[in-house]
Q: 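After the structure tokens below, expect a handful of questions from me.
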Amino acid sequence: MADSKRAKRSSIDGDSFQDSKRLKMANGGGNATTDPKYNKYLAHQYEDDQNQNGFQSPLDQFQRHQTTAIQASNAEDSDLNPWTNKPHSQRYFGILKSRRDLPVSKQRQEFLDMYHSTQILVFVGETGSGKTTQVPQYVLYDELPHQTGKLIACTQPRRVAAMSVAQRVANELDVELGEEVGYSIRFENRTGPKTMLKYMTDGQLLREAMHDHEMSRYSTIILDEAHERTLATDILMALLKQIAERRKDLKIIVMSATLDAQKFQTYFFNAPLLAVPGRTFPVEIFYTPEPERDYLEASVRTVLQIHASEPDGDILLFLTGEEEIEDACRRINLEVDDMIRESEVGPLKVYPLYGTLPPAQQQRIFDKAPEPLKKGGRPGRKCIIATNIAETSLTIDGIVYVVDPGFSKQKIYNPRTRVESLLVSPISKASAQQRAGRAGRTRPGKCFRLYTEKAFKKELIEQTYPEILRSNLANTVLELKKLGVEDLVHFDLMDPPAPETMMRALEELNYLACLDDDGELTNLGSLASEFPLDPSLAVMLISSPEFYCSNEMLSITSLLSVPQIWVRPNNARKRADEMKALFAHPDGDHLTLLNAYHAYKGTEQGGGDIKQWCHEHFLSFRHLSSADNVRDQLKRIMETHDIELVSTPFQDKSYYINIRRALLAGFFMQVAMRESSNSKVYKTVKDDQMVMIHPSTVVSSPYDWVVYNEFVLTTKNYVRTVTNIRPEWLLEIAPVYYDVDSFEKGEIKSALTRISEKIRRRQAMKGGQ
DNA sequence: GAGCACTGC
């Protein structure tokens, strides 16, 4: 059994296996199997005899960590691609010319000098400096990965960025994407044995580090967009700080927007700083003289004023969420129609933009601004009303006017109640600057801030709090343990989270048996960390074979890790609810999700038009197919670790009971009891919080005990996605947590006491027989 | 009888 495990493991880590092989060969092994000539992965270097006998790559003259910008430029200028020995294409020289015009290009030597002199380097550059595409290539020409067999990694917070930048750099280097330059993101690894430069998401690098604590595959790690301070970036920074002490051969570059450069330097042992100017146009800032009472109303008014009185150029308005955005779109459209009737204004096309919008509709923001209404009339313009998505993820060229009311929805975490929620909050100065910058990408622009200058200076915080200070850290703590971080208290995070948040996470993991009483990782914890899931979901999934329903729990887990599959358009709510009722299971929402998924799979396998079917049934095809993707990934992980995939026969009475019980193996801490019969109010177990069941539930008759997937704090306290359970299961499945003596006096304690006595009596009777 | 800001594994 141990052997079969090992065999499976090596196939999964196939990548690194090949790398170590390559490394040996590059160092010149002796026998036939390690001789480069016999290595098919290096075949490209020996394609023709001329290369072997006569051709000298310019790189042969390079001394690692002693190269110069001129050397590299000459190599780039040569007819043959020094990395492939193939002739450079025409397109290559075209791109090369534009690369040399980038601001960063002038500082290549300065960069190399600094890179040679230090292990860690902080690099700041504004948008348009070219740092994301150029710096990794500068490193490539100095690291010479073909000699060392080690890779250069460049991390990005988002998948699309990793993919598109990798493609761009592959073009710039005149190589095929996935060969010398590749990318690695969840669900897609486009790297190969020849890959030297790898773009990846920060989360992906963190995953890799779990199995390679030294990050030994890499000679250089470049953290890009570090100022965004994602959870993964923060953990990587602290981790790299430790690794840098152990691995003096590892070089680290932290790239960020200009703000806060000092903080990064100080954090990284006073690392030297290189700053590169950006290439943007000036943006004039306007403030309101008095604070605005209703920012939505003020936003609409400002957009209309710009349209009526400013020269042509598109408008970008930042609002906080879907509802607000749709509302503003309606109001602006109405007003513009009036304006066009009354005065000589051009047409205005309004586009909403938020994350849950289908991609096709998101794409429409790139449509051209509308034509004048009549020949020679005033030019049309477009107005995009967006969430924060337009602040980081999406850049739209042609924006000249930005309207910034100064708010965004932000995740906050309350460790006392263990609830993450979204709250409309004032943005930070850094955010405000980022927003304003969106107006100056193609020509000088204007930014209208709907707050006073005094408010900007005095009331806005400098930086948005990093994610690590605003999240439940159960997952993070588990990851850190798996990453080999022994001492969490002294783990040197740039912004250490509140001790209470840390304690909560440790406590939660201890109840889940992922950490033992000494805070050490258990086998279950180690296994749970293999899954890209929250610990409770991972534990639920790992435990599911004990309940004879791991196939079903695999589906439910996947459905719970994607956005809601239920579609409920405003103009067809009733129809949507009727359709959802078709899948309803009387025992709750988890089972209803499963029913919908089974129907979806049945239709798909029956060869029906699955998109049409989803549309008719008000289900999101996008989210269901992404759940399917997640399911495949989780299934592979289960198979790798010999977690059985089993089902209770559908005809069996206990089919659904087993599933409901299995839910509790991970979610026993998320249980609520009804206050009293005829009441709609519930109380959460141990936290004693008053909650209601979210109105989206399919269950009509209220149950006494429910397990819930999430706690949402909106107009009221709601628990969402709930399923009916029996209290005796709690005592049986999670006896440690449901140690009745540990409960505070109250209804829940008395109820549990009654139940445990009943169980004891029943057992005594059985024993007496 | 309500509503998912945005990422990521």
Side-chain angles (χ1 to χ4, degrees), chain A residues 155-162 184-189 200-211 225 228-236 318-327 353-357 362 386-394 407-412 420-425 427 431 464 466-468 470-471 475-476 478-479 482-483 528-535 537-538 558 561-570 573-574 576-577 620 623 626 629-630 633-634 637 680 692-698 700 710 712-721:
Chain A
T155 68
Q156 298 292 322
R158 280 167 295 280
R159 285 189 215 158
V160 268
S184 175
I185 57 176
R186 187 184 185 182
F187 304 127
E188 201 184 358
N189 180 5
M200 63 206 299
T201 46
D202 45 17
Q204 185 74 30
L205 182 58
L206 207 53
R207 278 270 135 197
E208 280 187 12
M210 287 184 180
H211 294 285
E225 315 288 358
E228 286 195 30
R229 303 291 308 277
T230 65
L231 251 170
T233 300
D234 270 16
I235 298 169
L236 279 173
F318 285 99
L319 290 176
T320 66
E322 173 177 345
E323 201 177 346
E324 214 173 77
I325 288 171
E326 295 292 353
D327 190 18
L353 175 66
Y354 43 86
T356 47
L357 213 59
Q362 284 192 7
T387 60
N388 252 358
I389 194 170
E391 204 181 295
T392 49
S393 309
L394 268 167
F407 292 95
S408 71
K409 275 192 194 172
Q410 285 165 33
K411 185 173 77 177
I412 50 165
E420 277 183 352
S421 50
L422 285 172
L423 193 72
V424 174
S425 329
I427 60 171
S431 257
T464 311
E467 203 184 354
I468 200 162
R470 299 183 284 122
S471 311
N475 206 2
T476 303
L478 186 64
E479 271 171 13
K482 181 71 172 187
L483 285 161
S529 71
E530 297 282 338
F531 290 88
L533 294 170
D534 273 342
L537 280 171
S558 311
S561 4
V562 297
Q564 287 275 344
I565 60 167
W566 314 106
V567 177
R568 199 163 182 262
N570 281 331
R573 291 184 196 174
K574 197 156 166 279
D577 291 347
S620 160
H623 297 152
S626 117
N629 239 338
V630 173
Q633 189 193 25
L634 298 178
I637 300 173
K680 288 199 166 178
M692 312 252 295
I693 293 182
H694 196 275
S696 64
T697 187
V698 296
S700 45
E710 60 181 341
V712 286
L713 191 121
T714 51
T715 48
K716 296 194 185 88
N717 288 345
Y718 285 111
V719 288
R720 189 160 53 185
T721 314

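In the text below, chain A, chain B and the rest are named by the order of the sequence lines, each starting its count at 1.
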Q: Could you check how far CG of A:N388 sits from C1' of B:dA5, rounded to whole Å?
A: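 After rounding, the gap between these two atoms is 6 Å.
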Q: For DNA chain B, whose closest nucleotide is more 5', that of A:Q564 or that of A:E479?
A: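 Residue closer to the 5' terminus by nearest nucleotide: A:Q564.
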Q: Just the rounded figure in Å: distance from P of B:dC4 to CG of A:L423.
A: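 It works out to 12 Å between those atoms.
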Q: Does any part of the side chain of A:N629, heavy atoms only, come nearer than 4.5 Å to the side chain of A:V562, both counted from C-beta?
A: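 The answer is no, as the side chains (C-beta and beyond) never meet within the 4.5 Å cut-off.
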Q: From CD of A:Q204 over to C1' of B:dG8, roughly how many Å is that when rounded to an integer?
A: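 About 10 Å, once rounded to whole Å.
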Q: Measure the distance from CG on A:L353 to P on B:dA5 and round it to the nearest whole Å.
A: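 The distance from CG of A:L353 to P of B:dA5 comes to 12 Å, rounded to the nearest Å.
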Q: Could you tell me whether A:Y354 contacts a base, only the sugar-phosphate backbone, or nothing, with contacts defined as non-hydrogen atoms closer than 4.0 Å?
A: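 The residue A:Y354 makes sugar-phosphate contact but no base contact.
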Q: Between A:I389 and A:P695, who's closer to the 5' end of DNA chain B by nearest nucleotide?
A: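 By nearest-heavy-atom nucleotide position, the 5'-most residue is A:P695.
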Q: Apply the test salt bridge (charged side-chain N to carboxylate O under 4.0 Å, His left out) to residues A:R158 and A:E225: give CA-CA distance (whole Å), side-chain angles for both, the deciding distance (0.1 Å), then the verdict.
A: CA-CA 10 Å; A:R158 280 167 295 280; A:E225 315 288 358; 5.7 Å; no
Q: Any donor and acceptor pair, going by atom type alone, linking the side chain of A:Q156 with main-chain N or O of A:D202 inside 3.5 Å?
A: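 Not confirmed, A:Q156 side chain does not pair with A:D202 backbone.
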Q: Just how far, in rounded Å, is P of B:dC4 from CZ of A:R568?
A: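 Rounded to whole Å, this separation is 13 Å.
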Q: Students often get this wrong, so: under 4.0 angstrom with heavy atoms, is A:E322 touching a base, only sugar-phosphate, or nothing?
A: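 A:E322: backbone/sugar contact only, no base atoms under 4.0 Å.
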Q: What's A:T387 touching, base or sugar-phosphate or nothing? Going by heavy atoms closer than 4.0 Å.
A: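 Sugar-phosphate contact only - A:T387 comes under 4.0 Å of backbone atoms but never of a base.
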Q: For the side chain of A:R159, counting heavy atoms from C-beta on, which of B:dC9, B:dA5, B:dA2 is nearest?
A: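 The listed nucleotide nearest to A:R159's side chain is B:dC9.
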Q: Please check the phosphate of B:dC4 (OP1 and OP2 only) for any side-chain N or O of A:R720 closer than 4.0 Å.
A: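 Checking A:R720 against B:dC4: at least one side-chain N or O falls below 4.0 Å of OP1 or OP2.
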Q: Taking any heavy-atom pair under 4.0 Å as a contact, classify A:S408: base, sugar-phosphate, or nothing.
A: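 A:S408: no heavy atom of the nucleic acid under 4.0 Å.
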Q: Looking at B:dA2, I'd like to know if its phosphate oxygens (OP1 or OP2) sit under 4.0 Å from a side-chain N or O belonging to A:K716.
A: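 Indeed, a polar side-chain atom of A:K716 lies that close.
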Q: Please determine if a side-chain N or O atom of A:T201 lies less than 4.0 Å away from the OP1 or OP2 oxygen of B:dC9.
A: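 Yes, A:T201 has a side-chain N/O under 4.0 Å of OP1/OP2 on B:dC9.
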Q: Counting only side-chain N and O atoms of A:Y718, is one of them less than 4.0 Å from OP1 or OP2 of B:dA2?
A: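 Checking B:dA2 against A:Y718, a side-chain N or O does come within under 4.0 Å of OP1 or OP2.
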Q: Rounded to whole Å, please give me the gap between CZ in A:R158 and C1' in B:dA5.
A: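 Going from A:R158 (CZ) to B:dA5 (C1'), I get 13 Å.
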Q: Atom CD1 of A:I185 to atom P of B:dT7: distance rounded to whole Å?
A: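 A:I185 atom CD1 is separated from B:dT7 atom P by 13 Å.
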Q: In whole Å, what is the span from the CD1 atom of A:I468 to the P atom of B:dG8?
A: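 That distance rounds to 18 Å.
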Q: Of the nucleotides B:dC9, B:dA5, B:dT7, which has the atom closest to the A:R207 side chain?
A: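 Of the options given, the side chain of A:R207 lies nearest B:dC9.
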Q: So with a 6.0 Å cut-off around CD of A:E710, is the heavy-atom count from everything else above 12?
A: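 Enclosed.
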Q: Is the shortest side-chain N/O distance from A:R573 to OP1 or OP2 of B:dG1 below 4.0 Å?
A: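 No, A:R573 has no side-chain N/O under 4.0 Å of OP1/OP2 on B:dG1.
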Q: Listed by chain and number, what are the side-chain hydrogen bond (donor to acceptor under 3.5 Å, both in side chains) partners of A:S620, not counting sequence neighbours?
A: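 Scan of A:S620 (side-chain hydrogen bond (donor to acceptor under 3.5 Å, both in side chains), adjacent residues dropped) gives A:H623.
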Q: Under 4.5 Å between any side-chain heavy atoms of A:T155 and A:T233, yes or no?
A: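 Sidechains of A:T233 and A:T155: no contact.
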